[in-house]
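Sharing a structure here in structure tokens format.
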Number of protein chains: 2
Amino acid sequence: MALIWDDLRTVLMLVRHQTLAGAANALEVNYTTVARRVRRAESTLGQILFERLADGYQPTEIAKVVASHAEKMETSEFDLRRYLQGADTELSGTFTITAPQLLISSFLAPVLDDFDQAHPNIELRVLATNDILDLTRLEADLAIRISRNPGDTLKGLRLLEQETASFASPRLADHIRSHPTEMIDWIVYDAFPNVPKGTSPMFPNNRVRFRFDDMVAMLGAAQAGLGVLRVPLFLGRTTSGLEIVPVLPPQPYSDIWVVGHPDVWTSKKAQAFREVLIAHSKWSRSIFTSQAD
Amino acid sequence: MALIWDDLRTVLMLVRHQTLAGAANALEVNYTTVARRVRRAESTLGQILFERLADGYQPTEIAKVVASHAEKMETSEFDLRRYLQGADTELSGTFTITAPQLLISSFLAPVLDDFDQAHPNIELRVLATNDILDLTRLEADLAIRISRNPGDTLKGLRLLEQETASFASPRLADHIRSHPTEMIDWIVYDAFPNVPKGTSPMFPNNRVRFRFDDMVAMLGAAQAGLGVLRVPLFLGRTTSGLEIVPVLPPQPYSDIWVVGHPDVWTSKKAQAFREVLIAHSKWSRSIFTSQAD
DNA sequence: GCAAAATCACGCGTTTTCGCATGCATAGCA
DNA sequence: TGCTATGCATGCGAAAACGCGTGATTTTGC
């Protein structure tokens with residue numbers, strides 16, 4: 001009746017993913033192995049944990065209970081790994097950060113360069129995604145985020161304040177400036193599907209022309225002259241083929257933070273990365289706001 | 001960097017036992033396996049977890065932290081196993097009880113007989129020990145205990161009230177009855193090293209002659225006529241070569257309980273065992289008290 | 001309605017893990 | 001000082017676990 005902890009972990013993954021392949025992928029083993037471990041767990045528990053269906057493994061109620069306990073075990077594992085990460089004083093090994101894709105080229109790239117030169121023994125892994133990765137689960141050690149605050153459970157440091165403004169292709173910008181009362185076409189983000197508030201009274205006629213779900217595509221559309229765009233200053237300024245138009249005067253926007261789990265925050269590598277980040281933030285402040293230094 | 005849960009468990013056991021053999025015994029594997037798993041854990045963690053000394057493995061501070069987290073995982077495992085035990089509706093498989101040695105022959109033996117005949121598919125395991133086993137860790141499913149209450153975390157059912165009285169060998173008993181004012185020698189238990197309170201005024205002269213740390217040995221000494229003994233009625237009555245003497249009139253003593261963890265309490269097997277236990281308790285009540293039914 | 005993709009079961013050869021036996025070092029003890 | 005207990009390291013053969021390939025079935029997408 002000696003149950004094997006890794007079998008419990010396997011059951012947990014199979015309950016989560018519902019297919020052998022999915023669980024196997026998460027565990028970095030062959031899916032046959034998942035099937036075998038689950039069979040073994042079922043036999044030592046004397047309980048059927050999954051219904052084998054054509055489209056996957058359907059967990060029974062008992063399997064869900066097993067998984068909930070395995071989840072607590074997993075939490076302890078992550079607690080441990082974060083502790084070890086936080087206690088690490090080595091400036092070597094791997095270090096993982098995550099940032100929104102669009103922050104990489106304009107802001108983060110020089111930071112990465114500096115950091116790598118200062119700490120050549122650290123293998124830096126960059127996860128460029130708009131998804132909010134779970135730092136509690138160590139999906140990344142530090143995250144660069146655009147938000148109003150670091151969140152409840154995380155520690156954070158505000159790197160930069162930033163502003164947004166309206167941008168357009170040079171030709172469209174010219175046209176708008178010379179015909180301020182004509183109808184102005186906007187390209188907007190799906191999550192904010194209206195013309196931004198705060199447009200200048202000098203440009204009274206605004207309407208939404210396109211709604212996109214992807215910022216890169218929106219920038220492309222703006223470059224092609226399809227409309228006016230509200231984006232953070234740094235983004236409009238560093239995108240070729242766009243220039244600022246006075247339709248929407250610069251206005252404050254969410255700040256740029258570096259956030260991390262308190263456990264990991266103290267690690268030598270995290271400290272080192274923040275140092276480079278802070279130094280570079282001071283240097284590049286003027287890209288993010290319209291105010292003089 | 002995929003750490004193996006069973007390696008964490010192995011580290012926990014090695015921190016607890018400090019020797020490969022001890023940990024191996026607890027894990028029911030060869031000690032070589034413990035050594036190998038610990039080496040593997042050290043290598044994936046990049047940390048030395050133990051100092052190899054001549055008399056065993058000395059855990060480092062980091063190992064203790066690892067062990068504390070593994071302990072939480074272990075707690076979840078026990079929580080799960082108790083849940084599964086409690087949800088079990090089969091009247092087959094193994095079932096483990098514990099009871100003080102001295103309760104076995106006089107009280108429990110017929111219960112075991114009845115239970116086995118009623119449920120021949122259940123393999124009953126009996127741990128006869130005075131140690132208080134940890135039911136939270138499933139060292140036993142149910143425990144028969146002599147105490148005033150079941151304890152904080154456990155569920156309990158009072159099976160029998162009982163009384164104690166004084167016993168002696170027939171020859172000594174005769175002598176005491178015919179010479180009540182002579183000095184009476186007592187054999188007492190280490191934990192209560194004085195002459196029991198409540199002796200009858202008819203026998204005014206009492207002293208402690210021997211102190212023992214073992215009840216079986218005390219019974220033997222009493223059988224040999226070395227002195228008077230205070231024991232529960234059932235014990236004196238069922239021990240050959242002893243008879244009750246009126247030095248200490250029957251007086252209430254701690255009750256006999258069956259206790260169990262709330263999670264396990266509801267299992268079919270536990271219910272079945274309690275049934276037999278209750279039935280037999282009613283029958284045998286007269287052995288435990290001096291009062292008429 | 002049919003092709004492509006996804007899923008699982010099973011069998012085979014390989015890799016890894018494990019247990020056992022041996023040898024060595026140290027501590028406790030007479 | 002020698003003897004014995006206990007505990008660890010290492011090497012070898014057995015056992016277990018694993019990955020891969022094949023085949024069957026079902027779902028998904030066009």
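Each chain gets a letter, A, B and so on, in the order its sequence line appears, and its residues count up from 1. Quantities reported herein were computed from a predicted structural model and do not represent experimental measurements.
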Q: Measure the distance from CZ on B:R36 to P on D:dA9 and round it to the nearest whole Å.
A: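 So the CZ-P distance, B:R36 to D:dA9, works out to 12 Å.
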Q. Does the ring centre of B:Y189 sit less than 6.0 Å away from the ring centre of B:F212?
A. no
**Q.** Short side-chain N/O contact to C:dC20 OP1/OP2 from B:N30, under 4.0 Å
**A.** yes
Q) How many Å lie between CD on A:Q58 and C1' on C:dT7, as a whole number? A) 14 Å
Q | Any A:R40 side-chain N or O less than 4.0 Å from OP1/OP2 of D:dA17 | A | yes
Q) About how many Å separate OG of A:S92 and NZ of A:K268, when rounded to the nearest 0.5 Å? A)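 Reported to 0.5 Å precision, the distance equals 10.5 Å.
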Q) Whole-Å distance between C:dG19 P and B:L27 CG? A) 10 Å
**Q.** Mate of D:dA5 where both pairing distances stay under 3.5 Å, Watson-Crick or G-U
**A.**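 Across all strands, not a single nucleotide pairs with D:dA5.
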Q: Assign each of B:D55 and A:L14 to its nearest nucleotide of DNA chain C by heavy atoms, then name whichever residue's nucleotide is nearer the 5' end.
A: A:L14
Q.
Measure CG/A:L53 against P/C:dA9 and give the value in whole Å, please.
A. 10 Å
Q: Answer yes or no: is there an ion pair linking A:K269 with A:E90, defined by an N-O contact shorter than 4.0 Å?
A: no
Q: Would you mind reading off the distance between A:N25 atom CG and C:dA6 atom C1', rounded to a whole angstrom?
A: 14 Å
Q: Tell me what A:A21 touches on the nucleic acid: a base, only sugar-phosphate, or nothing, going by heavy atoms under 4.0 Å.
A: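 Sugar-phosphate: the residue A:A21, judged by heavy atoms under 4.0 Å, touches backbone atoms but no base.
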Q: Side chain of A:Y57 only, please: which of C:dA9, D:dG11, C:dT26 is the nearest?
A: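 Of the options given, the side chain of A:Y57 lies nearest C:dA9.
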Q) To the nearest angstrom, how far is A:R39 atom CZ from C:dA9 atom C1'? A)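 Roughly 8 Å, once rounded to whole Å.
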Q. Just how far, in rounded Å, is P of D:dC8 from CZ of B:R52?
A. 10 Å
Q) Think B:T32 has a side-chain N or O under 4.0 angstrom from the OP1 or OP2 of C:dC18? A) no
**Q.** Nearest non-hydrogen partners of A:V66 and A:L8, listed with the distance
**A.** CG1-CD2, 3.8 Å
Q | Distance in angstrom units between B:E51 CD and D:dG7 C1', rounded | A | 16 Å
Q: Respond yes when some side-chain nitrogen or oxygen of A:T33 is under 4.0 Å from OP1 or OP2 of D:dA17, and no when none is.
A: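 So the side chain of A:T33 is outside the cut-off, no N or O lying under 4.0 Å from OP1 or OP2 of D:dA17.
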Q.
Tell me the closest heavy-atom pair linking B:A143 and B:L135, and the distance in Å.
A. CB-CD1, 4.1 Å
Q) If you check every side-chain atom of B:R37, which of D:dA9, C:dC20, C:dC18 has the closest atom? A) C:dC18
Q | Heavy-atom closest pair, residues B:V15 and B:P59 | A | CG2-CB, 4.0 Å
Q: Please tell me which of the listed nucleotides, C:dT22, C:dA9, C:dT26, lies nearest to the side chain of B:Y31?
A: C:dT22
Q | Per B:V29 side chain, nearest of listed nucleotides C:dG19, C:dA21, C:dA9 | A |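 The listed nucleotide nearest to B:V29's side chain is C:dG19.
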Q. Base of C:dA6 relative to its sugar, syn (within 90° of 0) or anti?
A. anti
Q: Tell which nucleotide pairs with C:dA6, taking only Watson-Crick or G-U wobble pairs whose two distances are both under 3.5 angstrom.
A: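 Base partner found: D:dT25.
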